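The shown structure was predicted, so the numbers you read here are calculated from the model rather than taken from an experiment. Counting starts at 1 for both ligands and their atoms, following the listed order. Position 1 is the first residue of the sequence; numbering continues from there.
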Amino acid sequence: MAKKPAPSPATDHALRVHQPGEGQTAPTDHRGNGDELHQQVGTNVADAAAYLTDNFGHRISDNQNSLRAGERGPTLLEDFVLREKIFHFDHERIPERIVHARGSGAHGVFECTKAIPGLTKASIFQKTGDTCPVFVRFSTVAGGAGSVDTPRDVRGFAVKLYTDSGNWDLVGNNIPVFFIQDAMKFPDLVHSVKMEADRGYPQAASAHDTFWDFIGLMPEAMHMIMWAMSDRTIPRSFRMIEGFGVHTFRFVNEKGDGKFVKFHWKPVLGLQSTTWDEAVKIAGADPDFHRRDLFEAIDGGDFPAWDLGVQVFDEAFAAKQPYDVLDATKLIPEEDIPVEIVGRMTLNRNVDNFFAETEQVAFLPSNIIPGIDFSNDPLLQGRLFSYLDTQKSRLGTTNFHQIPINAPKCPFHNFQRDGMMQTLVPTGRANYEPNSLAEAGENGGPRASAETGFTTFATNDERNDPMQKLRVRAELFADHFSQARLFYLSQTENEQAHIASALVFELSKVTLDHVRSRVVGQLRNIDEELAKRVAAGLAIDLPSKEKAARAPVDLKPSEALSIQKNADDTMEGRKVAILFAEGSDKAAIDKLKGDIEGAGGTAFLVAPKVGGIKVKGGTLKADGQLAGSPSVLFDAVASILTDEQAKALSKQGAAVQWFMDAFGHCKTIAHDPATQILLDKAGVEKDSGVVAIDAFAGVGTRRHWAREPKVRDLA
Ligand code: HDD
């Protein structure tokens with residue numbers, strides 16, 4: 001017998017720490033009511049008193065030894081503790097950012113130091129002294145996540161301001177201009193600067209063929225190249241770089257007046273760079289030079305700060321410049337438009353967890369707030385798409401906004417639902433809008449607000465913007481009924497009855513009275529008779545007519561809109577069932593089958609039993625058994641039986657139902673005299689679609705709609 005293994009010291013320790021009854025307080029239980037659960041999700045905090053659990057809350061007894069078959073035996077597949085641990089570890093990495101992969105983040109606060117309500121209605125600039133939390137991520141551009149901190153490179157300066165009117169992400173660099181003028185060129189620029197495609201190097205360096213090949217062919221990059229080759233790209237510290245929004249943006253005030261604006265972050269510590277020789281040596285001596293510098297400064301209470309400055313100007317100024325303000329390769333000299341300081345940002349808290357915060361933070365230039373708007377800068381316009389798209393790829397789900405570092409700190413509510421990694425549990429039925437559920441006392445959910453919601457500045461450049469950006473519909477879009485009426489009036493009487501009956505059926509399932517009435521009120525705009533029919537079918541009073549944004553006009557009915565008027569009187573592609581049983585006349589069956597197939601149809605033999613059945617003139621196999629081949633599967637039915645079999649079948653529900661349905665569904669029923677007893681039982685009455693076998697070819701598989709009022713009440 002195997003010896004009981006001695007516990008490893010670590011296990012022993014774990015057991016001692018977590019053994020209840022050793023005078024420690026009970027650990028926090030991560031299970032509880034829903035609210036507690038929500039608070040716990042995403043925290044994974046383990047204080048010293050907590051039990052170690054797996055991700056589903058099961059307490060773990062041994063975190064050191066996998067489960068083995070015997071002391072020296074193989075590891076067992078059943079070890080869910082081991083499997084979960086390794087499974088999770090295997091997937092710890094997410095795709096690194098395609099650019100700006102190496103970065104360092106910190107939390108802080110932004111304070112408005114000079115209210116500018118005359119320039120912008122952005123909530124954060126309304127009152128001097130107002131503050132909001134921020135998260136900043138500094139980065140290099142070209143290197144991978146594990147590259148060094150001090151290559152010659154542009155530095156990213158991305159700020160997320162969690163304002164009370166939503167997140168505002170100012171995703172800038174430490175250089176006020178950019179390499180290219182149009183987002184279309186961004187993939188080329190990045191391909192050229194990153195490691196060369198065949199050899200996979202150099203890492204984090206622009207000093208190589210492909211970059212300079214591209215640059216040499218892109219004269220628009222030359223201004224940026226001046227900055228990139230200056231000491232700006234070898235900074236001493238993240239704390240000593242400037243930040244720039246680069247693009248021209250818009251400020252919009254409460255009155256709706258717009259001015260152009262450029263954003264600047266000016267470091268309180270002033271600008272400072274290294275020499276190239278220093279930068280190179282630092283890369284070897286301390287590859288984490290900037291990351292460490294930022295972390296240690298904040299950790300030591302030496303909080304770095306930046307003043308936010310704005311350059312505000314109007315179209316008249318823009319029109320007079322020898323450059324285009326929508327061109328991201330140009331700056332506006334501070335001597336022409338001074339930078340006015342309106343706020344201060346202080347970084348005062350390091351991240352608790354690099355991955356959860358710095359790695360998962362998702363900046364979106366499209367995150368702006370009322371009072372700030374985009375310009376038509378084609379580089380900016382392309383970025384508005386790119387960042388949202390990239391977050392889906394990096395973070396894997398459209399719900400990346402729920403990751404704490406990305407979630408706004410003001411409430412957010414909408415009708416977006418579901419998706420991978422949904423962590424919210426929205427309640428109620430309202431997941432669409434408009435809805436009137438509130439009228440029935442239910443929670444109808446949030447509503448758009450024309451007064452406080454974000455509105456786009458209509459004209460971003462009078463010179464070049466012939467089209468206004470509006471959230472409107474063209475006038476004629478307001479006609480919602482003319483074509484609905486055209487459709488209804490173009491149908492046959494029978495089709496109109498189907499529409500009315502379908503509406504009655506659907507609305508009969510609706511339990512909210514006001515919803516029913518409103519729909520019928522809308523129908524009155526289409527056709528009064530239709531509305532009356534539906535109201536009568538529901539046994540409700542005819543409700544008042546709903547207001548039409550634009551009165552419908554009468555259009556000439558169109559034959560093309562009706563199914564029945566366009567039904568092709570052909571057997572092609574149609575399927576006809578032939579019912580037979582023991583003793584049926586094979587010759588008659590063969591003839592009918594031949595006629596159907598000759599006309600392009602398919603004949604399907606149905607019998608009470610499927611194996612070989614003795615019939616007059618031989619044996620016949622059925623394609624389907626009667627109970628499993630109801631007449632709803634066919635376009636028309638026929639039956640060739642003996643008196644005896646017809647009598648026997650008339651006692652079988654499946655057979656009676658077969659004919660009853662075929663009749664009720666207005667199908668052709670071709671039968672021999674023996675079948676009459678079944679037809680009588682099924683309530684099949686003679687009409688133009690109930691014919692003798694030899695008349696079938698002439699009638700075919702068309703539907704006999706004139707029969708319908710006889711078999712059901714239509715609205
Ligand atoms: Fe970009 C990241 C700055 C043009 C596409 N960009 C990224 C980051 C910064 C910038 C600071 C890192 C954000 C972070 O820390 O997570 N990018 C700029 C500036 C630009 C610019 C100042 C020009 C004025 N970028 C630009 C264009 C495109 C992108 C024209 C694409 C059309 N940028 C991206 C991206 C990244 C990104 C691929 C990679 C990771 C991410 O977005 O979240 O979507």
Rounded at 0.5 Å granularity, tell me how far CD1 in Ile215 sits from CD1 in Ile225. 4.0 Å

Which of the numbered atoms in ligand 1 are under 4.0 angstrom from any heavy atom belonging to His247? 24 (C)

Any nitrogen or oxygen of Arg394, main chain or side chain, under 3.5 Å from a nitrogen or oxygen of ligand 1? no

Is the centre of the Phe138 ring less than 6.0 Å from the centre of the Trp306 ring? yes

Of the protein's non-hydrogen atoms, which lies at the shortest distance from atom 10 (C) of ligand 1, and what is that distance? His100 NE2, 3.3 Å

Could you grab the distance from atom CG of Asp373 to atom NZ of Lys469, nearest 0.5 Å is fine? 6.5 Å

Under 3.5 Å, is there a donor on one side chain and an acceptor on the other for Arg137 and His100? no

To check your reading of the model: name the closest protein heavy atom to atom 40 (C) of ligand 1, its residue, and the distance in Å. Arg97 CG, 3.4 Å

Distance filter under 4.0 Å to Gln391 heavy atoms, resulting ligand 1 atoms: 41 (C), 43 (O)

Under a 4.0 angstrom heavy-atom cut-off, which atoms of ligand 1 come close to Phe157? 11 (C)

Backbone, side chain, both or neither: what part of Asn173 comes under 4.0 angstrom of ligand 1, heavy atoms only? both

Nearest-neighbour protein heavy atom for atom 44 (O) of ligand 1, which is reported as residue plus atom name and distance: Ser386 OG, 3.2 Å

Relative to Tyr162, does Lys409 satisfy both conditions: NZ or CZ under 6.0 angstrom from the six-membered ring centre, and within 45 degrees of the ring's axis? yes

Residue, atom and distance of the protein heavy atom nearest atom 15 (O) of ligand 1 read Arg137 NH1, 2.7 Å

How long is the gap from CZ on Arg232 to CE on Met224, to the nearest 0.5 Å? 11.5 Å

Hey, mind stepping through Phe249 and Trp168 against ring pair (Phe, Tyr, Trp, His ring centres under 6.0 Å) and telling me if it holds? CA-CA 13 Å; Phe249 290 88; Trp168 172 30; 8.0 Å; no

Return the closest protein heavy atom for atom 21 (C) of ligand 1 as residue, atom name and distance. Arg383 NE, 3.2 Å

Between the side chains of Ser123 and Ser165, is a donor N or O closer than 3.5 angstrom to an acceptor N or O? yes

Between Thr423 and Gln402, do the side chains contain an N or O donor and an N or O acceptor separated by less than 3.5 Å? yes

From Tyr387, does some N, O or S atom reach closer than 2.8 Å to atom 1 (Fe) of ligand 1? yes

What do we get for Phe244 next to ligand 1 when only non-hydrogen atoms under 4.0 Å count, side chain, backbone, both or neither? neither

Heavy-atom nearest neighbour in the protein, as seen from atom 11 (C) of ligand 1, with distance rounded to 0.1 Å: Gly172 O, 3.2 Å

Ligand-residue contact atoms, ligand 1 with Leu379, heavy atoms, under 4.0 Å: 23 (C), 24 (C), 30 (C)

Under 4.0 Å from ligand 1, counting heavy atoms only, is it the side chain of Val246, its backbone, both or neither? side chain

In chain order, what residues pass the ring pair (Phe, Tyr, Trp, His ring centres under 6.0 Å) check against Phe363, with sequence neighbours excluded? none

Name the closest protein heavy atom to atom 29 (C) of ligand 1, giving the residue it belongs to and the distance to 0.1 Å. Phe186 CE2, 3.2 Å

Is the Phe251-Phe263 ring centre distance short of 6.0 angstrom? yes

Considering only non-hydrogen protein atoms, determine which one is nearest to atom 13 (C) of ligand 1 and report residue, atom name and distance to 0.1 Å. Phe363 CD1, 3.8 Å

